[in-house]
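All remarks here apply to the structure that follows.
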Amino acid sequence: MRNQISRKSERPYRRGLVWLRNDLRVADNTALYRADRGCRQLAAVFIACPQTWASHGDGDNVVAFRLRTLAQLQRQLGDRHIPLYFLELPAFADVPAAIAQIVRKLEIDALFANAEYPLNERRRDAQVRDALKEIPVPVEYSSDRTLIPPGSLTTNSGDGFKVFTPFKRAFIARHGDEPFSPLPAPQARSADHGAQWPEWIALPGDNNLVRKIPQAVGDYSVADGDREHVLDWPVGESAGAAYLEDFSAKIADYHRQRDFPAADATSRLSPYLNCGAVSIRQCVQMALAENGGRWAGSSDGANTWLNELLWREFYQHLVLNYPRVCCNKPFKPETDAVPWSEDAENFARWCAGNTGVPIVDAAMRQLNETGWMHNRLRMVVASFLTKNLLIDWRRGERYFMERLVDADFAANNGGWQWAASTGTDAAPYFRVFNPYSQSKKFDPGGEFIRAFLPELAAVAAKDIHCPPPLEGYPSPICDVHKSRKYAIDVFANLKSQ
Ligand SMILES: Cc1cc2nc3c(=O)[nH]c(=O)nc-3n(C[C@H](O)[C@H](O)[C@H](O)COP(=O)(O)OP(=O)(O)OC[C@H]3O[C@@H](n4cnc5c(N)ncnc54)[C@H](O)[C@@H]3O)c2cc1C
């Protein structure tokens with residue numbers, strides 16, 4: 001399906017439109033590739049829906065990253081004389097009628113997009129298909145965000161996998177020999193081609209479809225002082241490619257270094273994968289090349305990294321197979337009865353990185369200052385919030401969405417439900433991370449803590465994980481042993497009920 005437009009039927013459509021969403025790149029973009037091969041004239045459109053994005057919890061950081069990436073993409077498409085139109089509408093509900101209008105006004109013969117899997121996105125896409133049926137204009141949704149289409153890999157009884165290891169085994173058994181080769185970028189069109197498309201068109205209401213991304217969008221700035229660092233992330237496809245290239249030199253050591261937050265040992269590709277500046281196939285291709293073309297090959301580093309990419313795949317499939325996770329519900333319904341604490345002050349201290357537990361605080365400040373947090377620490381702070389403070393995982397999930405530059409519903413929801421023991425294949429409720437042992441094990445010299453907690457800069461390595469009372473730094477928010485025991489009792493009670 002990915003590249004099967006045959007020579008004979010090449011460019012059967014006169015005018016095609018690619019609707020871009022979280023797939024903001026020209027290379028290995030399945031919908032763009034298929035539109036390029038299928039249409040003699042080609043344009044792209046991006047529709048910003050701030051109201052829906054806000055209702056999904058997308059914060060300024062992820063939105064800024066997305067829109068700044070879009071501005072880069074417009075330049076790349078412009079170099080190929082393929083116009084990119086921009087439209088802002090409040091909500092997904094406004095999209096189907098608007099796309100029908102655009103299709104009519106631009107005389108589009110076919111619409112192409114890459115499929116998205118959360119529930120609201122799927123509903124929106126089905127409504128767009130229905131709206132265009134009336135014209136009639138065909139709509140083609142391609143599988144692109146994942147290696148294989150969610151829903152296509154099932155257990156023997158036909159259900160979606162709920163447990164990672166059998167999912168991984170089945171994936172490798174059925175798809176382990178596939179090269180997952182990236183597709184080429186669209187060919188450049190003539191300058192003439194660009195000139196055949198209008199600069200803007202007026203849509204009903206106050207809406208304009210414009211070829212120029214408004215300056216405010218391209219430069220999207222994050223006003224809050226403490227979030228300025230988010231702008232340090234370079235954006236666009238070339239930045240994503242540079243991160244991938246850079247990581248290819250480190251991948252061999254990934255299995256040894258990846259859990260140490262002070263080491264720059266993971267790829268930091270998550271923001272690029274999530275907005276689509278890098279494709280999952282480009283990542284897999286690099287890792288397979290390191291690994292002799294095999295999923296379980298000779299490089300322990302590549303094996304471990306490929307495993308992480310499969311966790312990403314697993315969570316994306318889960319969202320389609322078990323849409324209840326999109327409805328603010330735990331995967332395990334019985335865990336909805338946990339008597340979560342409503343302590344507003346404890347939650348505020350966790351958010352601000354003021355709990356008095358250095359590794360938790362340093363991690364939260366990394367999130368607040370850079371828009372990103374190391375994976376080991378995401379697990380530590382999520383466990384701390386949901387078990388030691390017994391605060392509802394959904395509040396932590398929302399705070400991460402608000403702050404992360406790589407915020408992604410599937411991975412974030414999966415990670416939070418894993419840590420809170422409410423999810424599928426989650427951490428068993430009686431296994432609660434001890435933040436002090438995690439700190440000693442993964443930041444033994446306290447380098448990471450010192451980098452984000454200047455108030456502990458002078459504390460010796462042996463004391464930094466659990467410092468003595470210190471002016472300017474709070475004492476611990478809770479006793480980790482007592483709170484751990486309490487959480488285990490709460491979860492055990494649920495089981496017995
Ligand atoms: C509570 C919690 C919340 C999380 N929220 C998000 C989120 O909003 N967005 C997000 O992309 N990831 C999330 N993760 C997963 C993971 O922490 C990040 O993907 C990873 O830290 C990104 O850094 P990296 O690109 O250097 O990862 P690398 O270690 O280089 O891994 C490569 C890629 O594999 C994928 N990946 C790695 N680990 C996981 C995982 N556990 N689950 C799913 N995919 C994974 C990511 O796409 C990542 O970019 C969350 C994990 C937890 C425990």
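Values reported hereafter were calculated over all heavy atoms of this structure, with side chains retained and with hydrogens, waters and symmetry mates removed. Just follow the structure's listing: the first ligand is 1, and inside any ligand the first atom is 1.
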Fill in: Protein contact to atom 8 (O) of ligand 1 [nearest heavy atom, distance to 0.1 Å]
D408 N, 3.1 Å
Worksheet item: Atoms of ligand 1 less than 4.0 Å from S267 heavy atoms?
Response: 24 (P), 25 (O), 26 (O), 28 (P), 30 (O), 32 (C)
Worksheet item: Would you call E308 and R258 a salt bridge, taking side-chain N to carboxylate O under 4.0 Å as the test?
Response: yes
Fill in: Within the 6.0 Å centroid threshold, strictly below: F384 and F433
no
Practice prompt. Taking the six-membered ring for Trp and the full ring for Phe, Tyr or His, determine whether the centres of F247 and Y254 are under 6.0 Å apart.
Written response: yes
Response to the item:
For atom 33 (C) of ligand 1, the closest protein heavy atom turns out to be L309 CD2, 3.6 Å
Worksheet item: Do you know which two heavy atoms are closest between W233 and R268, and how far apart they sit?
Response: CZ3-O, 3.8 Å
Worksheet item: Going by an N to O cut-off under 4.0 Å, is there a salt bridge joining R256 and D253?
Response: yes
Item to complete: Can you sort out which atoms of ligand 1 are near L273, meaning under 4.0 Å from one of its heavy atoms?
Response: 47 (O), 49 (O)
Fill in: ligand 1 contact on N375 by region, counting heavy-atom pairs under 4.0 Å
both
Worksheet item: Which atoms of ligand 1 sit under 4.0 Å from any heavy atom of Y315?
Response: 42 (N), 43 (C)
Discussion item. Just checking F161 against H317, ring centres under 6.0 Å apart?
Written reply: no
Worksheet item: Can you tell which part of A407 has a heavy atom less than 4.0 Å from ligand 1: side chain, backbone, both or neither?
Response: backbone
Worksheet item: Do any heavy atoms of W372 fall under 4.0 Å from ligand 1?
Response: yes
Worksheet, complete the sentence: Closest heavy-atom approach to atom 44 (N) of ligand 1 among R258, E313, R312 is made by R312
Item to complete: Starting from atom 22 (C) of ligand 1, locate the nearest protein heavy atom and write down its residue, its atom name and how far away it is, to 0.1 Å.
Response: S270 OG, 3.2 Å
Worksheet item: Which pair of heavy atoms, one from D406 and one from S270, lies closest together, and at what distance?
Response: OD2-OG, 2.7 Å
Worksheet item: Is any N or O atom of L269, backbone or side chain, closer than 3.5 Å to an N or O atom of ligand 1?
Response: yes
Fill in: Nearest-neighbour protein heavy atom for atom 45 (C) of ligand 1, which is reported as residue plus atom name and distance
E308 O, 3.8 Å
Practice prompt. Examine Y272 together with Y243 and report whether their ring centres are nearer than 6.0 Å.
Written response: yes
Worksheet entry | Residue, atom name and distance, where the atom is the protein heavy atom closest to atom 50 (C) of ligand 1 | R378 CD, 3.6 Å
Worksheet item: Between the candidates W305, Y254, W393, which shows the shortest non-hydrogen contact distance to atom 29 (O) of ligand 1?
Response: Y254
Worksheet item: Going by distance only, is there an N or O of W416 that falls short of 3.5 Å from an N or O of ligand 1?
Response: no
Practice prompt. Flag the pair L404 / N61 as yes when at least one side-chain heavy-atom distance between them is below 4.5 Å, and no otherwise.
Written response: no
Discussion item. Closer than 4.0 angstrom, basic N to acidic O: yes or no for E140 and R34?
Written reply: yes
Fill in: atom 2 (C) of ligand 1 - nearest protein heavy atom and its distance
G415 CA, 3.7 Å
Worksheet item: Of the protein's non-hydrogen atoms, which lies at the shortest distance from atom 9 (N) of ligand 1, and what is that distance?
Response: D406 O, 2.9 Å
Discussion item. Quick check on the 6.0 Å ring-centre criterion: do W311 and F164 meet it?
Written reply: yes
Worksheet item: For ligand 1, which atoms, with element, lie under 4.0 Å from some heavy atom of R268?
Response: 24 (P), 25 (O), 26 (O)
Practice prompt. For atom 5 (N) of ligand 1, grab the closest protein heavy atom and report residue, atom and distance to one decimal in Å.
Written response: N412 OD1, 3.1 Å
Item to complete: Flag the pair D479 and K485 as a salt bridge only when some basic side-chain nitrogen lies within less than 4.0 angstrom of an acidic carboxylate oxygen.
Response: no
